[in-house]
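Written below as structure tokens is the structure these notes are about.
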Number of protein chains: 2
Amino acid sequence: MATRTRQSQRRRQMLTRERIVETAVELLDASGDGALTVRALTTRLGTGPGAIYWHIGNMDELLDAAADAVIAAALTTPRDETATTQPDGAATTHLDRAAATPQDEIRAVALGLFDAVAEHPWLAAQLALHITRNPWGPVTLRIFESIGRPVSTLGVPQADWFTTTSTLVHYILGATAQTSQSDEPAAQTETGRAEFLAAASKAWRDLDPDEYPFMRAIADQMREHDDREQFLTGINLVLTGITTTHHPPTDP
Amino acid sequence: MATRTRQSQRRRQMLTRERIVETAVELLDASGDGALTVRALTTRLGTGPGAIYWHIGNMDELLDAAADAVIAAALTTPRDETATTQPDGAATTHLDRAAATPQDEIRAVALGLFDAVAEHPWLAAQLALHITRNPWGPVTLRIFESIGRPVSTLGVPQADWFTTTSTLVHYILGATAQTSQSDEPAAQTETGRAEFLAAASKAWRDLDPDEYPFMRAIADQMREHDDREQFLTGINLVLTGITTTHHPPTDP
DNA sequence: ACCTGAACACCGTTCAAGT
DNA sequence: ACCTGAACACCGTTCAAGT
């Protein structure tokens, strides 16, 4: 059902770079980081390794393409929930994105990335690796542009655009990397998450008091915290730092 | 010269977990990420794979141990250069660390990590991976404690210690990950770096104006920026956000 | 307790050969 | 132009056997 081509067999569906990337994302989503192998792709697509390499250079390039595809989708599809808690206006349907403040726009982009990583746990490690290995590849470029555009309407002097945007992007990527749920399905469930937090919290309380006094002091906060909320708080801290530093124009 | 044991042959020097980790760091420093293999270790240490695995569980554990060793060294050895530009006082030699403001302390720790990554380029990717895979392992714990301690003396309400410290740590790790020089020796030299920046800057100016107006606008800043200085500016932005949000005690 | 070294299962990638 | 599939070089890891 819902097919454009007449064949139902996936084997005869014509092999294309796009289809390979798509299958790669499926494999990564289903079974995590180590599941994307050339062999897995060939069996899933019904071909041989040579066919894969005809379309895609090498494995790292495929990983990059998979990340880029997911990131692009996350950045172009605006989330329907708003970043800040505010009255839900049924009338603000069509130009909501344009009407939002730069801060709201930044929060929306950041949360889009956060949620994309939550949906695709492999993306965290992949993003982190991509950033160190290819800091200015298409993935980083897209993110930078999405954050930089609202930054440029924030009252920051143009000479500081690059540094300011860098700070936001670095925070966002660092936070999503560390915050991402573990790849194992055990940690995905609600109770699994709670058990993990409880275990970590207890581990911190049992640390050597001389070596780790701070970690012991915040063990309780760790157990009770919400990742997404903490992420937003962090964004707001950085935004406050930016607007404070460049004492914003107090009126239009 | 400068030996404690009498044998000059490294082969008969007794195999220990410590020595394996040490050799791992040497291999990583010398030839980057992909150079650390069991085979390379065995030839370098004059043993077989079984001997390695008697001491170290598996390869990921060794990578973690290597990162932990380098991070621990970076965090305990205070850098002699000061974070902010200020008159060099020849008298402030012994209690300098204790006398500094919390902000200075945070800057010092952050720069210590930044410089550690600069000295050990493999550390960036390793840190990033470690953080997503084992967010509360010894490496992250150490960094968190080092940042959290000064945060706790910053006037931030205790209930916000965890979130505030998280924000700083996430920024620091994200920034060091993206900022780290490429692993290839070509990019390590001064001129190689300049060429890289010029190439990236030009690439940005040639981007599609409709899709990437912001990146085109900041292409020049990219070419002229200094990574370390930008890193410090980012730290200061976050610190400003923190102190502004918790309107600091205006007097002692 | 500590180490040896052959063996296993599994990678990514290449390439002559086909269509 | 696009695909096949055997083959290559290289991994991490295990394990019976030695000392």
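Lettering of chains follows the sequences in order, A, B, ..., and the numbering in each one begins at 1. Predicted model only: the values in this text are computed from it and were never measured.
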Rounded to whole Å, please give me the gap between CG in A/L41 and C1' in C/dC11.
13 Å
Distance check: side-chain N/O of A/H55 vs OP1/OP2 of D/dC3, anything under 4.0 Å?
yes
Need the pair for D/dA7. Rule: Watson-Crick or G-U wobble, both distances under 3.5 Å, any strand; none if unpaired.
C/dT13
Closest nucleotide among C/dT14, C/dT4, D/dC2 to the A/W54 side chain
D/dC2
Rounded distance (Å) that lies between atom P of D/dC11 and atom CG of B/L27
12 Å
When you get a sec, tell me which of C/dA6, C/dT14, D/dG12 is the closest nucleotide to the side chain of B/V38?
D/dG12
For the side chain of A/L15, starting at C-beta, report the closest nucleotide among D/dT14, D/dC3, C/dC3.
D/dC3
Euclidean distance, atom CD1 of residue B/I56 to atom P of D/dT14 [Å, nearest integer]:
11 Å
What's the closest nucleotide to the side chain of A/T47 if the choices are D/dT4, D/dT13, C/dG12?
D/dT4
Using a 4.0 Å heavy-atom cut-off across all strands, classify A/L36 as base, sugar-phosphate, or nothing.
sugar-phosphate
Can you tell me the distance, in whole Å, between the CG atom of B/L45 and the C1' atom of C/dC3?
13 Å
Which one, C/dG12, D/dT13, D/dT4, comes nearest to the side chain of B/Y53?
D/dT13
Closer than 4.0 angstrom, basic N to acidic O: yes or no for A/E61 and A/R17?
yes
Is the ring pair A/W204/B/F144 parallel, tilted or perpendicular, if the boundaries are 30 and 60 degrees?
tilted
Using atom types as modelled and distance alone, determine if a side-chain donor or acceptor of B/S146 lies under 3.5 Å from a backbone N or O of B/R142.
yes
Charged N to carboxylate O under 4.0 angstrom, B/E145 versus A/R216?
no
Rounded to whole Å, CZ of B/R19 lies from C1' of C/dC2 at a distance of 14 Å
From the options D/dG5, D/dT4, C/dT4, select the nucleotide whose nearest atom is closest to the side chain of A/P49.
D/dG5
What is the distance, to the nearest angstrom, from the CZ atom on A/R17 to the C1' atom on D/dA1?
17 Å
Interatomic distance where CD1 belongs to A/I52 and P belongs to C/dG12 [whole Å]:
11 Å
Out of D/dG12, D/dA6, D/dT13, whichever nucleotide has its closest atom nearest the side chain of B/R39
D/dG12
Look at the aromatic rings of A/H225 and B/F162 and report parallel, tilted or perpendicular, splitting at 30° and 60°.
perpendicular
Rounded to whole angstroms, how far apart are CE on B/M59 and C1' on D/dC11?
10 Å
